[in-house]
*Asks:* 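Here it is, the structure, as structure tokens.
Note that the structure is predicted; figures quoted are calculated from it, not measured. To find a chain, count down the sequence lines: A is the first, B the second, and so on, and within it residues start at 1.
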There are 2 protein chains.
Amino acid sequence: MSGTQRLPVTGAQGELLRLVATGQAESRADLARLSGLAASSVSLRVEELLEARLLVEEGPGTSRGGRRPRRLRLAPGAGVLAVADLGAHHARLGLLDLSGTPLAVEEHVTDIAAGPETVLDWLAGAFEDLVAAHAPPGVPLRGVGTGIPGPVDPATGRVVSPSRMPGWNNYPVADHLAGRFDLPVLVENDANLMAVGEARHWPEADNLMVVKAGTGIGCGVIVGGRLHRGRGAAGDISHVRVRTDSSVMCSCGHPDCLEAYASGAALMAALAEAGIHVDRPAGIVGLVGDAVPEATSLVRAAGRLIGEVLTVLVNFFNPDVVAVGGSLSAAEPLITSIRAAVYERCLPLATRDLEIAAARAGRDAALLGAGALLLEAVL
Amino acid sequence: MSGTQRLPVTGAQGELLRLVATGQAESRADLARLSGLAASSVSLRVEELLEARLLVEEGPGTSRGGRRPRRLRLAPGAGVLAVADLGAHHARLGLLDLSGTPLAVEEHVTDIAAGPETVLDWLAGAFEDLVAAHAPPGVPLRGVGTGIPGPVDPATGRVVSPSRMPGWNNYPVADHLAGRFDLPVLVENDANLMAVGEARHWPEADNLMVVKAGTGIGCGVIVGGRLHRGRGAAGDISHVRVRTDSSVMCSCGHPDCLEAYASGAALMAALAEAGIHVDRPAGIVGLVGDAVPEATSLVRAAGRLIGEVLTVLVNFFNPDVVAVGGSLSAAEPLITSIRAAVYERCLPLATRDLEIAAARAGRDAALLGAGALLLEAVL
DNA sequence: CCGCTTGTCTTCGATATCGAAGGAAGTTGC
DNA sequence: GCAACTTCCTTCGATATCGAAGACAAGCGG
């Protein structure tokens, strides 16, 4: 995180604005309940925010048995955020309003291997185009953020020892973007962003694990409603040793990593050996939908392996929800076999109220997560 | 947690008192830094606390380059806490002052299988004796707490599906104790208490795993400085499937649990088969100290299995510290082989700044942890 | 229709906190 | 030994927040 420009709000105002932006609060009474401030203080601050044209009032809401609340919403002119989710070969870009609602989403073909300077300069230009094309006139850009398919040091915004991003090691991504935009800048691992975006869709859950099953296998962890980073590398599950008959060496130098068996890349390689060629993990989902037996059986085996790894983590972390996303998650047998493995092997106490389900946030989860984290930096 | 009586302090005062009690702050300046309050506000509140005889001033401290601070300490008369760590066959009891310093510690022989009523009535009596014998005259008991060798529902203070505590399932332990003491009551899993006590000794660490290697294998998790409970069962590592040649059925109904190979109970059974009989896990430590080859080799193998399980969790959770405690942890080869397994198999990024070490808090870790958690309920 | 209950929002005096300024009591460097 | 700095703590006026009381606006039941 870096950059300087924030919205002109004082502490308490920022807190209130955030509660409205995230959709947790819709009225002054909601704000009083959630912020812990006295109702009178809330009224005063809201008055100021209305005057500053950051909030707007929007007619009466529905009564809960008494007087109807006066609904509050973020002013459309309060600002926009430009966010991206950089993948190995594709990038999704989005322009969001401050409440995290997408105004525009684009997908571009990129090559992360072109190196950080090239990719980030392109990204900055694409952000500018996005704002020019889709931001309402006069509405300022308040922050930019991007997800990276590799580990990110949250303190410095640098990429650290990425496995598939040649030329990016230790590159100061946040500083580079801050050089182009004098705004709050967010740089974060893509699975972490996805987890944050997903967490918004599970408001009852305090603790969740979000597994991203795509070309690789990633995982983001939400503890107590907040992203858990550990020392910056938390959430890795792809280099866990799995129980298998054969033995395969992983790119990390160890044998039998989960990634070498259950990642989209591994499945594509296995299919190719069977003479079936697909160019993206999403292609595997198509094959499963067409009931191609090799694909279904491979996906099922992958789900079982992922599930076996998750048993350890579910016993240990005891989450409320395990959400499975990523392009492979659209294959129904994947989640079914993950669920079977976890329920079979975990302690009853750990699975008692555990929900294992497909991700709810959809393809833009990481963009929404970036918006959510950026909001905290902006307000 | 239940009971009613709290110290007569207002919100801000409680926060300040806690910072002094936990040893984090020793002067008004410390309090201002740590609490985030203005120095002037701190002075006012401290003034009140001195007047209420909850704090005392204790001569000048050492200068940090300027005027010497006036040291603050909790008044000895502010109160005491009675805490216990119930095990299967032994119970440790302690009387602590509000800063968590033990005034007296006792160990008793008990039998948890005698059932909750018997054990808890005995415990309440023992607490009363402890206060009568060791609390300074006129100093009130402010709270009671106990650790339980099984899962505890934090919301209700009930024991949930314990594996080795016949008659305790779903018993309302906290309510029972609250019936005897009209005070804040704490009931918590023993490994969790140990983790909290241990965390005090690693002030630089935000995230730790504390492994308790004794008769069983437990684990407590500290995230962001606070105990992670999940849905109440977090921290279980003993029923993870391990990679072994043989196959052993665990009491939980699944094959090849860690506990069936690497727990003190398992090691004792294995030694017995070799004709070597010990009656407590601590006896194994003695054998290792005497360089009995069977014992050393068994402990080493146990360490390796525990370490292999920890690799998964270290990659996922990415803690600052893994502390190994429990009676077996005194055997040096245990920690050595845990460390070897973790460093060999984990991602370099996860082990970069990871410390794997013997627990620092000693045998009273759980008692100190109970004191720390109780303090939050009392202040 | 009318009181009763529930919930929302504002008004206004009481209270808590802040922040700038300054005095007190040290250390450091020359 | 003395000036310059640092840290600790307090004083005092400005500001933010609180909480009780009440006005307002609905639903509910007779």
*Asks:* Distance check: side-chain N/O of B:R64 vs OP1/OP2 of D:dC8, anything under 4.0 Å?
*Replies:* yes
*Asks:* To the nearest Å, give me how far apart CZ (A:R71) and C1' (C:dG7) are.
*Replies:* 17 Å
*Asks:* Would you say B:L49 and B:L17 make side-chain contact, with heavy atoms under 4.5 Å?
*Replies:* yes
*Asks:* Within the 4.0 Å heavy-atom criterion, would you say B:S63 contacts the bases, only the backbone, or no part of the nucleic acid?
*Replies:* sugar-phosphate
*Asks:* Identify the two heavy atoms, one from A:W202 and one from A:A358, that lie closest to each other, and give their separation to 0.1 Å.
*Replies:* CZ2-O, 4.2 Å
*Asks:* Any sub-3.5 Å donor-acceptor pair from A:R158's side-chain atoms to A:D153's backbone N or O?
*Replies:* no
*Asks:* Side chain of A:R28 only, please: which of D:dG19, C:dT8, C:dT10 is the nearest?
*Replies:* C:dT10
*Asks:* How close or far is atom P of D:dT17 from atom CG of B:L37, stated in whole angstroms?
*Replies:* 14 Å
*Asks:* Return no unless some side-chain N or O of A:R70 is found under 4.0 Å from OP1 or OP2 of C:dT10.
*Replies:* yes
*Asks:* Check every atom of D:dG19, C:dC9, D:dC8 against the side chain of A:A29 and return the nucleotide holding the closest atom.
*Replies:* C:dC9
*Asks:* Quick check against the 3.5 Å criterion: does B:N170 have a side-chain atom that pairs as donor or acceptor with the backbone of B:V160?
*Replies:* no
*Asks:* Assign B:A12 to base, sugar-phosphate, or nothing according to its heavy-atom contacts below 4.0 angstrom with the strands shown.
*Replies:* sugar-phosphate
*Asks:* With a 4.0 Å cut-off on heavy atoms, is A:G36 in touch with a base, just the backbone sugar-phosphate, or nothing at all?
*Replies:* sugar-phosphate
*Asks:* So which heavy atom on A:L103 is nearest to which on A:D97, and how close?
*Replies:* CG-N, 4.0 Å
*Asks:* Between C:dC9, D:dC9, C:dG19, which nucleotide has the shortest distance from any of its atoms to the side chain of B:A38?
*Replies:* C:dG19
*Asks:* Select one nucleotide: of C:dT10, C:dC18, D:dC8, the one nearest the side-chain heavy atoms of B:S40.
*Replies:* C:dC18
*Asks:* Within the modelled atom types, does a donor on one side and an acceptor on the other bring the side chain of B:R67 and the base of D:dC9 under 3.5 Å apart?
*Replies:* no
*Asks:* On DNA chain D, compare the nucleotides closest to A:P60 and B:E47; which residue's is nearer the 5' end?
*Replies:* B:E47
*Asks:* Figure out the CD/C1' separation between A:E26 and C:dC9, and round it to whole Å.
*Replies:* 16 Å
*Asks:* How do A:L44 and B:D30 order along DNA chain D: which one's closest nucleotide is nearer the 5' end?
*Replies:* B:D30
*Asks:* Can you tell me which nucleotide in C:dT8, C:dC18, D:dT17 comes closest to the side chain of A:R33?
*Replies:* C:dT8
*Asks:* Of the listed nucleotides (C:dG26, C:dT17, D:dA26), which one gets closest to any side-chain atom of A:R68?
*Replies:* D:dA26
*Asks:* Kindly point out which of D:dC9, D:dA16, C:dC9 is positioned nearest to the side chain of A:R45?
*Replies:* D:dA16
*Asks:* Could you state the CG-P distance from B:L72 to D:dC8, rounded to the nearest angstrom?
*Replies:* 12 Å
